[in-house]
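Working notes, beginning with the structure itself.
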Amino acid sequence: MEATLATIVASASALVYAVVGETITEKAGVVNLSMEGTIMLSAMTGFAVAYSTGSVPLGFLAAAGVGMLIAALVAFASIELRLNQIAVGFVLALLAIELSSFLGDPYVGQHGPSVSAVPIPLLEDIPFVGRVLFRHNLSVYGSYLAIVGGYLFVFHTRRGLEMQGVGERADAAFARGIDVNRLRYLYTMVGGALAGIAGAAFSLDVKLGWREGLTTNFGWIALAIVIFGGWNPIRAAFGAYLFGVLAWAALQLQPVFPSASQILALLPFPLMIFALVLVYLQLFRDLADRHPIWRRLLSSDPPSGMGTAFHRE
Amino acid sequence: MTAPSWLSRVATIVLPIALAFAVALVLLQLAGAPPFEALGLLWDGSVGSAAKMSDTLAAWVPLTLAAAGLVVTFAAGLWNIGVEGQIVAGAVAATWVAREVPGPAAVLIFAMLVAGVVGGALWALLAGLLKTRGGVNEIFGGLGLDFVASGLAIYLIIGPWKREGVASTSGTDLFRPEAWMPTVGVAQFPVIPIALTVVAVVLVYVLMRGTRFGLRLKAVGKNPRSAHLLGIPTERYTLAAFLLCGGLAGLAGAILVSGVFHKLVPSVSGGYGFLGILVVLLAGYRAAWIAPIAFFFAAIAVGSTQLSLRLDLDSSLGGVLQGVLVLFVILLGGWRARRTRRRTALMEPEGP
């Protein structure tokens with residue numbers, strides 16, 4: 001039991017970075033649809049750099065850089081050129097996937113360095129919890145930091161509230177003297193950096209190594225989980241862990257039901273659609289009005305300025 | 001003072017192509033391959049012989065069908081990312097017909113194509129209803145349905161439609177010969193699919209350019225609120241756009257199983273739907289440009305497999321070339337629009 005949970009926590013860590021990153025980006029009002037490509041290209045870059053230099057931290061750094069660069073391009077196209085974010089993100093997603101397989105060709109099947117295990121002293125001795133949470137490596141601990149840090153930042157800091165203002169009502173935020181587009185650049189790039197770290201976490205920890213299509217579908221899954229998580233870092237992380245459980249269950253079912261791993265891996269998508277429809281129903285809205293706890297648990301209202309550009313005219 | 005407008009218009013077309021090829025040359029150099037020989041191989045491997053030409057056309061058909069459908073949904077202001085799943089749904093429906101319906105080739109193939117259209121259209125209708133009745137944005141709903149469709153195909157291939165004895169993800173059993181799309185000549189030109197595709201493109205072009213429906217659809221796409229206030233039933237138009245696009249995508253799926261694979265395979269849509277979105281973006285959402293751009297893309301895709309065989313390069317170079325090209329065209333378009341904005345802003349000082 002403990003070992004299983006520990007495995008799930010470790011394997012979900014990469015996805016956790018990605019969903020927290022995209023949540024922050026979308027909270028600021030930008031949709032970075034390039035996730036699938038960003039994660040793939042940064043996974044390749046992270047591995048290639050770590051392999052060539054022998055340094056895992058450099059691999060993570062380079063991966064974060066790639067994620068940031070792609071995010072900056074999405075922000076630039078949307079803010080300076082007033083292009084459709086979805087179009088640019090989509091093109092970048094496909095382009096980055098192709099680039100990862102072209103540039104990554106020499107690294108396929110190579111054995112490279114990986115993140116080394118560092119149990120946390122004292123904490124690791126806590127019964128049950130210690131074994132599940134604190135006998136991993138820095139990449140996994142970093143994912144906890146991303147969840148807690150992301151949550152506290154978004155909901156409990158001045159800057160986080162400012163960021164939400166930018167994502168909800170850009171014109172109102174602007175009227176209060178907030179530089180809307182500068183913050184959108186910033187948080188899109190922060191989100192992109194986290195997506196990049198997610199890629200490195202895949203190739204240097206969760207999946208070890210590089211091959212074509214190493215992180216296939218994880219970017220799209222991350223986008224679905226952000227919605228399922230109602231734009232809340234903690235709920236999104238919960239979604240990522242739930243996905244980890246599904247993936248684990250699929251692996252157990254493999255001998256009995258051979259296609260389980262392929263089909264269960266697709267479950268986040270119908271769940272996302274279901275969650276979106278559910279919160280739209282009048283029935284749910286009435287229920288949420290009567291028992292606010294339901295709204296806290298399930299509501300899924302996107303930032304109202306999401307995907308729209310802000311121009312000072 | 002400024003360059004003539006035709007010059008800048010030519011520049012917006014030529015410049016991205018030149019830049020994209022420059023990127024490709026740099027990448028080839030990085031990979032240690034002879035760049036110009038590689039471009040030659042790209043040509044030979046796509047249009048250099050009758051057999052290659054036939055392969056390129058076989059890829060052009062589903063790509064063009066998907067892109068033609070997407071012109072309709074884009075005109076309605078919809079991002080139909082679910083197109084990939086609609087191709088799969090069409091393929092699944094056509095496969096069901098191929099397995100269940102008896103009869104001679106002509107009847108069977110016709111029934112398969114119709115089933116493909118219906119399957120794709122229904123899958124698209126689902127995305128449309130989720131949007132209009134369920135409050136689910138079509139981008140995320142469509143993306144979700146893409147994966148549900150592919151899950152369904154995998155389930156069918158491994159479960160109810162598994163091959164005799166072994167269940168494997170390599171696909172169902174081959175269809176009986178009556179369900180194979182007939183071809184012409186030694187090079188096996190897919191004449192019927194090509195004809196269907198030409199008809200589809202012309203229909204979409206006429207629909208968008210010369211009909212009341214197309215005009216109103218564009219009105220819905222440009223501004224749903226005012227279209228609604230003008231008495232256009234926006235929901236019906238939205239759903240109609242989904243049905244049309246899904247129908248064409250489903251037709252592509254039916255053609256893929258009947259004419260290319262002769263069975264249902266897990267990745268039957270082959271990325272043609274997503275690539276179709278790139279084609280439409282590059283075409284500036286105009287139906288007239290779909291066919292030539294799709295041909296160019298199909299040639300790059302087919303030709304780059306030759307590269308990987310002969311020069312031991314990764315075949316993704318073709319995809320890189322396509323992606324870079326579309327990205328440059330979009331960015332350059334945005335840049336030009338920005339310059340025009342600035343210039344008009346300078347000439348007409350802002351009011352109070």
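Just so we're on the same page: letters track the sequence lines, and every chain starts at 1.
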TODO: Find the one option among A:Leu73, A:Asn84, A:Val31 whose heavy-atom pairs under 4.5 Å with chain B are most numerous.
DONE: A:Asn84
- [ ] Determine whether the aromatic ring centres of A:Phe90 and B:Phe274 lie less than 6.0 Å apart.
- [x] yes
Task: Atom group of B:Leu331 that falls short of 4.5 Å from chain A, counting heavy atoms - done: both
TODO: Please state whether the side chain, the backbone, both or neither of B:Ser150 comes within less than 4.5 Å of a heavy atom of chain A.
DONE: both
Open item on the list: With a 4.5 angstrom heavy-atom cut-off, is it the side chain or the backbone of A:Ile86 that approaches chain B, or both, or neither?
Closed with: both
Task: Part of B:Val320 lying under 4.5 Å from any heavy atom of chain A - done: both
Task: Polar side-chain atom of B:Gln306 near backbone of B:Leu42 as donor-acceptor pair, under 3.5 Å - done: no
Open item on the list: With heavy-atom distances below 4.5 Å as the criterion, would you say the side chains of B:Ile87 and B:Pro62 are in contact?
Closed with: no
Open item on the list: Heavy-atom pairs under 4.5 Å with chain A: which of B:Ile81, B:Asn137, B:Leu278, B:Leu30 has the most?
Closed with: B:Leu278
Open item on the list: If I measure from the heavy atoms of chain A, does B:Ile139 come under 4.5 Å with its side chain, its backbone, both, or neither?
Closed with: side chain
Open item on the list: Is the shortest side-chain heavy-atom distance between B:Phe242 and B:Leu129 below 4.5 Å?
Closed with: no
Task: Option in B:Gly319, B:Ser315, B:Pro266, B:Gly318 with maximal non-hydrogen atom pairs under 4.5 Å from chain A - done: B:Gly319
- [ ] For chain A, find which of B:Leu275, B:Leu317, B:Leu321 contributes the most heavy-atom pairs closer than 4.5 angstrom.
- [x] B:Leu317
Open item on the list: Which atoms of A:Leu83 are under 4.5 Å from chain B, going by heavy atoms: the side chain, the backbone, both sets, or neither?
Closed with: side chain
TODO: May I ask you to decide if A:Trp220's main-chain N or O and A:Glu36's side chain share a donor-acceptor pair within less than 3.5 Å?
DONE: yes
Open item on the list: Under a 3.5 Å distance rule, please check whether B:Arg286 uses its side chain to pair with a backbone N or O of B:Ala283 as donor and acceptor.
Closed with: yes
Open item on the list: Is B:Leu327 close to chain A through its backbone or its side chain, or both, or neither, when contacts mean heavy atoms under 4.5 Å?
Closed with: both
Open item on the list: Heavy-atom pairs under 4.5 Å with chain A: which of B:Gly271, B:Ser316, B:Gly144 has the most?
Closed with: B:Ser316
- [ ] Name the region of A:Leu92, side chain, backbone, both or neither, that has any atom closer than 4.5 Å to a heavy atom of chain B.
- [x] side chain
Open item on the list: Report which part of B:Leu145 has an atom under 4.5 Å of a heavy atom belonging to chain A: side chain, backbone, both, or neither.
Closed with: both
- [ ] Examine whether an atom of B:Trp335 lies under 4.5 Å from a heavy atom of chain A, and if so say whether it belongs to the side chain, the backbone or both; otherwise answer neither.
- [x] both
Task: Contact winner vs chain B - A:Ala96, A:Ala77, A:Ala87, heavy-atom pairs under 4.5 Å - done: A:Ala87
- [ ] Step through the shown structure and confirm whether more than 12 heavy atoms of other residues, nucleotides or ligands are within 6.0 Å of CZ on B:Arg338.
- [x] yes
Task: Side chain proximity check, A:Thr23 to A:Asn232, heavy atoms < 4.5 angstrom - done: no
TODO: State whether the number of non-hydrogen atoms from other residues, nucleotides or ligands found under 6.0 Å of A:Arg182 atom CZ is greater than 12.
DONE: no
TODO: Give, as side chain, backbone, both or neither, the part of B:Arg133 having an atom under 4.5 angstrom from any heavy atom of chain A.
DONE: backbone
Open item on the list: Contact between A:Phe269 and B:Asp146 at the side-chain level, heavy atoms closer than 4.5 Å - yes or no?
Closed with: no
Open item on the list: Heavy-atom pairs under 4.5 Å with chain B: which of A:Asn217, A:Leu271, A:Leu33, A:Ile97 has the most?
Closed with: A:Asn217
Open item on the list: Check this for me: A:Phe76, atom CZ, are more than 12 non-hydrogen atoms of other residues, nucleotides or ligands nearer than 6.0 Å?
Closed with: yes
Open item on the list: What part of A:Glu212 gets within 4.5 angstrom of chain B, counting heavy atoms only: side chain, backbone, both, or neither?
Closed with: side chain
Open item on the list: Check the orientation of B:Phe21 and B:Phe296. Use parallel for under 30°, tilted for 30 to 60°, and perpendicular for over 60°.
Closed with: tilted
